[in-house]
Every structure is written in C-alpha cells, then in structure tokens.
Amino acid sequence: MGKIFLIIFLFSTYLAADEAHEIIKKLDENFRGKSIYMQLNMKIVSMGHARVMKVQSYSHGTKKSFVKIIYPPKDEGITFLSLDKEMWQYVPKIERIIKIPPSMMLQKWMGSDITNDDMVKQSSMVEDYEPKIIKREGSVVTIELIPKENAPVVWGKIITNIDTATYTSHKDIFYDEEGKEVRFFIYENVKKVGSYFIPTYWRVESSDAKGRYTEMVIEEVEYDTKISEEYFTKSALKRFSK
C-alpha cells in the first residue's frame with residue numbers, strides 16, 4: 001500500500017511541475033507573441049521629483065530587441081540593441097556605440113528602477129528557472145521560480161502571481177541569494193490585443209526605497225507584425241537613431 005501512495009505522490013508531483021512549466025511558457029508566449037512593437041511612457045519618481053521618458057521597443061522572438069528613446073529631447077535618439085543576452089548602446093551626442101559589460105548589467109537603465117539585466121534577459125523565467133506552484137486562488141496561480149544550477153542569473157528566487165484566465169502577471173517579487181526581498185513589479189489594466197492579453201500599466205519599486213518607483217504605461221502595442229531584421233544589427237543603433 002505504501003508503494004502505491006508513493007507512486008501516486010510522485011506522479012502528482014510530476015504533473016504539478018509540468019503544469020508550472022506550461023503556465024510560465026504560456027505567460028511568456030502571450031507577452032511577446034512572434035514579434036511585438038510597443039511605445040511606452042515611462043515616469044521615474046525619486047525624492048519627490050519626477051521625470052518622463054517615451055520609448056519605442058521592437059522585439060522578435062526571445063533573443064532580439066531594439067529600443068529607442070524618443071523623449072525628452074536631451075535623450076532623444078539614444079538606442080539600445082540586445083542580441084542573445086548581450087547589449088549595446090548608441091549615444092548620439094558622442095557618436096559612439098558602447099558595449100554594456102557584464103559588470104554593469106545590474107545598473108539602473110537610464111536611471112529607472114529596471115536594470116540593464118532586465119532589458120537583456122527577456123526570456124529568463126523560461127530558460128533559467130525551475131517553476132513550482134505554491135498557491136492557487138481562483139484563476140490566479142502563485143509560482144516560485146528557483147534558478148537552475150549554473151544559470152547566469154542574479155536573483156536567488158522570484159515569486160510570480162499569474163492569472164491563468166489571461167496568462168498575465170499580477171505581481172513579481174524578486175529576492176537576492178540570501179532570500180531578502182529586493183524589489184517588485186506590479187501589473188494592471190490588462191487589455192486584449194488580437195488574440196493576446198497584455199497589462200498596459202507596470203510599476204517597479206525597490207522594497208527598501210520608499211517613495212522611489214518607476215511607472216510604465218503602454219500607449220501603443222502591435223503583435224506579430226513584420227519587423228525588419230535591420231533593427232537587430234549593430235549598424236541599426238546609429239541608423240535608426242534619427
């Protein structure tokens with residue numbers, strides 16, 4: 001009898017693990033589609049002061065993305081290219097293409113609360129973490145993500161709340177290697193775009209920095225439209241800067 005219970009337990013554990021992988025995969029596929037273009041309004045708040053940026057983003061698959069700042073005028077034309085976890089930046093004022101080294105991947109991107117690492121590792125949850133369901137509440141499933149052995153990640157753990165009715169996140173919480181909460185993302189205002197669902201409001205906040213946060217509002221989004229491969233070459237950094 002004991003062996004039967006053990007077999008049932010192991011089988012149910014396997015099914016739960018398989019379901020967790022499937023949810024994370026569907027979340028990723030729903031967010032990015034085959035390709036995605038977005039224009040975002042970004043507000044960075046710190047010490048009572050706020051500044052605003054407008055950003056255009058082009059992504060194809062899981063390893064190619066191109067980002068261009070279109071506002072404010074002092075930052076207009078700064079571009080970023082991400083290819084397979086490597087990142088470059090072009091700054092028009094100095095007319096230089098700069099490769100972002102690994103030592104700078106945790107630095108804040110353009111002074112916001114997202115990092116260079118966030119910009120590069122777009123598919124990290126799928127590729128670098130093992131998911132485990134830890135809670136269910138209606139259609140919302142809470143999943144714990146633990147890094148795979150030797151995975152090139154900076155987080156010790158991520159807890160994500162996913163609505164399986166739309167396969168969108170409600171909240172992601174990031175922990176360091178000692179298990180201390182470092183920051184969290186909140187996602188709201190889910191809209192349907194074609195056959196996809198996407199939260200159009202994101203808020204990023206450090207857990208120990210009250211009064212400092214970054215808000216992002218998606219003003220335009222297009223899924224599965226043809227994006228020229230020219231955007232995903234180093235020459236694009238300067239060519240599409242203007």
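What you see is a predicted model, and the numbers here were worked out from it, not measured in a lab. Numbers here are sequence positions counted from 1.
- Note that CE of Met87 and CG of Asn116 are 4.5 Å apart. Values are rounded to the nearest 0.5 Å.
- Apart from Ile173 itself, the hydrophobic cluster it occupies contains Ile134, Ile159, Tyr175, Phe184, Ile186, where clustering links Ile, Leu, Val, Met, Phe, Trp and Tyr at side-chain heavy-atom distances under 4.5 Å.
- Note: the hydrophobic cluster containing Leu40 does not contain Val190 (ILVMFWY, side chain heavy atoms under 4.5 Å, direct or indirect links).
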Does the pair Met53 and Ile69 meet the rule for a side chain to side chain contact (heavy atoms under 4.5 Å, CB included), with working shown?
CA-CA 7 Å; Met53 288 196 302; Ile69 297 174; 4.1 Å; yes
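- Linking Ile, Leu, Val, Met, Phe, Trp and Tyr residues whenever their side-chain heavy atoms come within less than 4.5 Å places Ile114 and Trp155 in a single cluster.
- The structure places CZ of Arg203 at 9.0 Å from NZ of Lys43, a figure rounded to the nearest 0.5 Å.
- Cluster membership for Phe174 and Tyr213, using ILVMFWY side-chain heavy atoms within less than 4.5 angstrom, is not shared.
- The heavy-atom pair separating Tyr167 from Ile23 by the smallest distance is CD2-O, 4.0 Å.
- Contact between Thr160 and Ser169 at its shortest, heavy atoms only, is OG1-OG, 3.6 Å.
- Contact annotation: the side chain of Lys26 never approaches that of Ile162 to less than 4.5 Å [non-hydrogen atoms, C-beta and beyond].
- Ser35 places a side-chain N or O within 3.5 Å of a backbone atom of Thr225 that can act as its donor or acceptor partner.
- The backbone N or O of Phe197 sits less than 3.5 Å from a side-chain atom of Asn30, completing a donor-acceptor pair.
- How far CD1 of Ile44 is from CD of Glu215: 11.0 Å, rounded to the nearest 0.5 Å.
- With hydrogens and angles ignored, the 3.5 Å screen pairs no side-chain donor or acceptor of Asp128 with any backbone N or O of Val153.
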Compile the donor-acceptor pairs under 3.5 Å between side chains in residues 140-151 and protein atoms, sequence neighbours left out, one pair per line.
| residue | atom | partner | partner atom | Å |
| --- | --- | --- | --- | --- |
| Thr142 | OG1 | Asn161 | OD1 | 2.8 |
| Lys148 | NZ | Glu127 | O | 3.2 |

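- Summarising the geometry of Glu220 relative to Ile218, their closest heavy-atom pair is O-CG2, 3.3 Å, with the distance given to 0.1 Å.
- Taking the six-membered ring where tryptophan is involved, the planes of Phe31 and Trp202 are tilted, since the angle between them lies from 30° to 60°.
- With a 4.5 Å cut-off on side-chain heavy atoms, Val55 and Met110 do not count as touching.
- A salt bridge is absent between Glu130 and Lys132: the closest approach of a Lys/Arg side-chain nitrogen to an acidic carboxylate oxygen does not fall below 4.0 angstrom.
- Note that NZ of Lys68 is 7.0 Å distant from CD of Glu76, once rounded to the nearest 0.5 Å.
- One N or O on the side chain of Ser207 and one on the backbone of Val182 form a donor-acceptor pair closer than 3.5 Å.
- A 6.0 Å sphere centred on OH of Tyr201 holds more than 12 heavy atoms belonging to other residues, nucleotides or ligands.
- Pairs of residues two or more places apart, or lying in two chains, that qualify as side-chain hydrogen bond (donor to acceptor under 3.5 Å, both in side chains) and include a residue from residues 189-200 are Tyr196-Asp224.
- Among residues two or more places apart in sequence or in another chain, the salt bridge (charged side-chain N to carboxylate O under 4.0 Å, His left out) test is passed with Arg239 by Glu230.
- Side-chain N/O atoms of Arg183 and Ser206 include no donor and acceptor closer than 3.5 Å.
- Checked by atom type and distance alone, the side chain of Asp118 pairs as donor or acceptor with a backbone atom of Thr115 at under 3.5 Å.
- The side-chain heavy atoms of Trp109 and Gln89, taken from C-beta on, include no pair separated by under 4.5 Å.
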Stepwise side chain to side chain contact (heavy atoms under 4.5 Å, CB included) check, Lys108 with Thr214
CA-CA 11 Å; Lys108 295 180 181 297; Thr214 297; over 6 Å; no
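- Using a 30° and 60° split on the angle between ring planes, Phe240 and Phe66 fall in the perpendicular class, above 60°.
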Contacts table for residues 90-107: side-chain donor-acceptor under 3.5 angstrom, sequence neighbours left out:
| residue | atom | partner | partner atom | Å |
| --- | --- | --- | --- | --- |
| Lys93 | NZ | Lys74 | O | 3.4 |
| Lys99 | NZ | Glu86 | OE2 | 2.7 |

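- Considering every non-hydrogen atom in both Ile227 and Ser59, the closest pair reads CD1-O, 3.6 Å.
- Here Glu219 contributes atom CD and Gln39 contributes atom CD; the two are 5.5 Å apart, rounded to the nearest 0.5 Å.
- Side-chain atoms of Thr168 and Tyr187, non-hydrogen and from C-beta on, never get closer than 4.5 Å to each other.
- In this structure the side chain of Pro131 reaches within 4.5 angstrom of the side chain of His21, judged on heavy atoms.
- With contacts defined as side-chain heavy-atom distances shorter than 4.5 Å, the pair Tyr223/Ile36 qualifies.
- Looking at Ser228, its side chain never comes within 3.5 Å of a backbone N or O of Tyr231 through a donor-acceptor pair.
- Expressed to the nearest 0.5 Å, how far OG1 of Thr233 lies from NZ of Lys64 amounts to 10.0 Å.
- The shortest side-chain heavy-atom distance between Trp88 and Leu83 falls under the 4.5 Å cut-off.
- Side chains of Val204 and Ser112 form no contact here, defined as non-hydrogen atoms less than 4.5 Å apart.
- Checked against salt bridge (charged side-chain N to carboxylate O under 4.0 Å, His left out), Lys234 has no partners two or more places apart in sequence or in another chain.
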